[in-house]
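The structure appears right after this line, and notes come after that.
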Amino acid sequence: MSISKETIVGDLVAKDYRTASVFGRNGIDFCCNGNRSIEEACKADALNPEELVAELQEVSKENQGGSIDYQSWPIDLLADYIEKKHHRYVESKGAEIIPYLDKIANVHGDNHPELFEVQSMFKESIGELAAHMKKEELLLFPYVRKMVQAKNSNIDKVPAPFGTVQNPIRNMMHEHDGEGERFRKISALTNNYTVPEDGCNSYKVTLAMLQEFEQDLHLHIHLENNILFPKSIEMEGTFK
């Protein structure tokens, strides 16, 4: 795969998700801010673009068959996958993490008052994501499935309850930006999920679960922003 300083971050991750780990290690947002070139992303974070390109090329060469090719999936299958895997993950893992956050905030909050802010932001995130995912499940994803059915049946028109698919997508991406910013703050408050010296096992488990949650959310948003949404807009444009 050809990778250069001009390569768009989100496009590269869409083609080879293994490169996400490189961007993650270097603090580059590939989901919400994936529409930048590698050079632009490096400039914003004071990184050396040549070194980053070399690292990305190395990862891309390894285990060529080991990456899931989400780009090749039909968009209705991708919508099903996001709903069944990532939406369910948010629901189940969010309910699991909140009691842990409550516990460590109560026990360690005096020495680590930032935990109360993390606790508040995570609960806000779970509430916002629940509403966000419901809009996708009830409005956007059914329309995506109808477009695929129409295309397979040679039907040349699919009525949209929201005018054009670009309208809900614009709203979804705005909400994605909000969640990306929220988790950047959570990561900063926890020193990139580092357990303090006086942290107990529950503290360690909680931060590990929060970090895993953020990583899953990054993939979740990436699949929508960089693959599902552009392909949905493209497919809608093929109808009369």
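Predicted model, so just to flag it, every value in this text is computed and none were measured.
Considering every non-hydrogen atom in both Gly109 and Phe116, the closest pair reads CA-CE1, 3.5 Å. Closest approach of Gly180 to Cys32, counting heavy atoms only: CA-SG, 4.1 Å. Considering all non-hydrogen atoms of both residues, Glu224 and Pro230 come closest at O-CD, 3.8 Å. For the pair Ser232 and Val144, the tightest heavy-atom approach, listed with the atom from each and the gap, is OG-CG2, 3.5 Å. Closest non-hydrogen pair, Asp29 versus Arg36, comes out as O-NH2, 3.7 Å. Between Leu223 and Leu78, the closest heavy-atom pair is O-CD2, 4.0 Å.
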Go through the steps to decide whether Tyr89 and His220 satisfy the test side-chain contact (heavy atoms from CB on, under 4.5 Å), and finish with yes or no.
-> CA-CA 10 Å; Tyr89 177 90; His220 178 173; over 6 Å; no

Begin from the C-alpha positions of Gln57 and Val53 and carry the test side-chain contact (heavy atoms from CB on, under 4.5 Å) through to its verdict.
-> CA-CA 6 Å; Gln57 289 172 334; Val53 166; 3.7 Å; yes

List the steps, then state whether side-chain contact (heavy atoms from CB on, under 4.5 Å) holds for Ile38 with Ile8.
-> CA-CA 6 Å; Ile38 289 173; Ile8 301 300; over 6 Å; no

List the steps and the verdict of salt bridge (charged side-chain N to carboxylate O under 4.0 Å, His left out) for Asp102 and Lys123.
-> CA-CA 10 Å; Asp102 291 343; Lys123 288 180 179 180; 3.0 Å; yes

Report the C-alpha distance between Ile126 and Phe213 in whole Å, list the side-chain angles of each, state the deciding distance to 0.1 Å, and finish with yes or no for side-chain contact (heavy atoms from CB on, under 4.5 Å).
-> CA-CA 11 Å; Ile126 293 303; Phe213 189 96; 3.7 Å; yes

Checking side chain to side chain donor-acceptor pair (under 3.5 Å) for the pair Thr190/Glu114: CA distance, chi angles, key distance, verdict?
-> CA-CA 8 Å; Thr190 59; Glu114 71 277 2; over 6 Å; no

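Counted within 6.0 Å of CG on Asn152, heavy atoms from surrounding residues, nucleotides or ligands total more than 12; the atom is thus considered enclosed. Counting non-hydrogen atoms of other residues, nucleotides and ligands closer than 6.0 Å to OH of Tyr81 gives a total above 12.
Between Met121 and Ser125 the shortest side-chain heavy-atom distance does not fall below 4.5 Å. Two residues are said to be in side-chain contact when any heavy atoms from C-beta on lie closer than 4.5 Å; Ile169 and Asn225 fail this criterion. By the 4.5 Å heavy-atom criterion applied to side chains, His176 and Cys31 are not counted as neighbours. When side chains are defined from C-beta on, Leu210 counts as touching Leu101, because their heavy atoms get closer than 4.5 Å. Counting only heavy atoms from C-beta outward, the side chains of His87 and Phe141 approach each other to under 4.5 Å. Between Phe23 and Leu12, the closest side-chain pair of non-hydrogen atoms falls below 4.5 Å. Side-chain contact between Arg25 and Glu55: present, with at least one pair of heavy atoms (C-beta onward) separated by less than 4.5 Å. With contacts defined as side-chain heavy-atom distances shorter than 4.5 Å, the pair Val148/Met235 qualifies.
Here Lys15 does not pair with Asp69 in a salt bridge; the nearest charged N to carboxylate O distance is not below 4.0 Å. Ion pairing between a basic and an acidic side chain is recognised when a charged N comes within 4.0 Å of a carboxylate O; Lys5 and Glu40 show no such pairing. With respect to Asp80 and Arg145, a salt bridge is recorded, a charged nitrogen being found less than 4.0 Å from a carboxylate O. In summary, Glu212 and Lys93 engage in a salt bridge, as defined by a charged side-chain N under 4.0 Å from a carboxylate O. Salt bridge status for Lys231 with Glu234: absent, with no side-chain N to carboxylate O gap under 4.0 Å.
Checked against the 6.0 Å centroid criterion, the rings of Tyr203 and Tyr100 do not qualify as a close aromatic pair.
Judged by a 6.0 Å distance limit and a 45° cone about the ring axis, Lys151 is positioned over the six-membered ring of Phe239.
Using a 4.5 Å cut-off between side-chain heavy atoms of Ile, Leu, Val, Met, Phe, Trp and Tyr, with links allowed through other members, Ile221 and Ile82 fall into different hydrophobic clusters. Residues Met172 and Met147 share a single hydrophobic cluster, defined by chaining ILVMFWY side chains whose heavy atoms lie under 4.5 Å apart. Linking ILVMFWY residues whenever their side-chain heavy atoms come closer than 4.5 Å, directly or via other members, places Met209 and Val118 in the same cluster. In the hydrophobic clustering of ILVMFWY residues, with side-chain heavy atoms under 4.5 Å counting as a link, Val107 and Ile104 come out apart. Under a hydrophobic-cluster definition in which Ile, Leu, Val, Met, Phe, Trp and Tyr are linked whenever side-chain heavy atoms come within less than 4.5 Å, directly or via other members, Leu77 and Leu219 are assigned to the same cluster.
With sequence neighbours excluded, the residues satisfying side-chain hydrogen bond (donor to acceptor under 3.5 Å, both in side chains) with Lys135 are Glu175.
Looking at Glu39 and Ser37, their side chains never bring a donor and an acceptor atom within 3.5 Å of each other. Side-chain contact check for His112 and Asp198: at least one donor-acceptor pair (N or O, by modelled atom type) lies under 3.5 Å. In summary, the side chains of Asn167 and Arg170 do present a donor paired with an acceptor at a separation below 3.5 Å, with no hydrogens or angles considered. Checking His132 against Glu179 by side-chain atom types alone, no donor-acceptor pair falls below 3.5 Å.
When atom types are taken as modelled, the side chain of Ser92 and the backbone of Arg88 share a donor-acceptor pair closer than 3.5 angstrom. No donor-acceptor pair closer than 3.5 Å links the side chain of Ser153 to the backbone N or O of Ala150. Judged purely by atom type and a 3.5 angstrom limit, Asn48 uses its side chain to pair as donor or acceptor with the backbone of Glu50. No side-chain donor-acceptor contact under 3.5 Å links Asn191 to the backbone of Thr194. Looking at Asn226, its side chain does come within 3.5 Å of a backbone N or O of Phe30 through a donor-acceptor pair.
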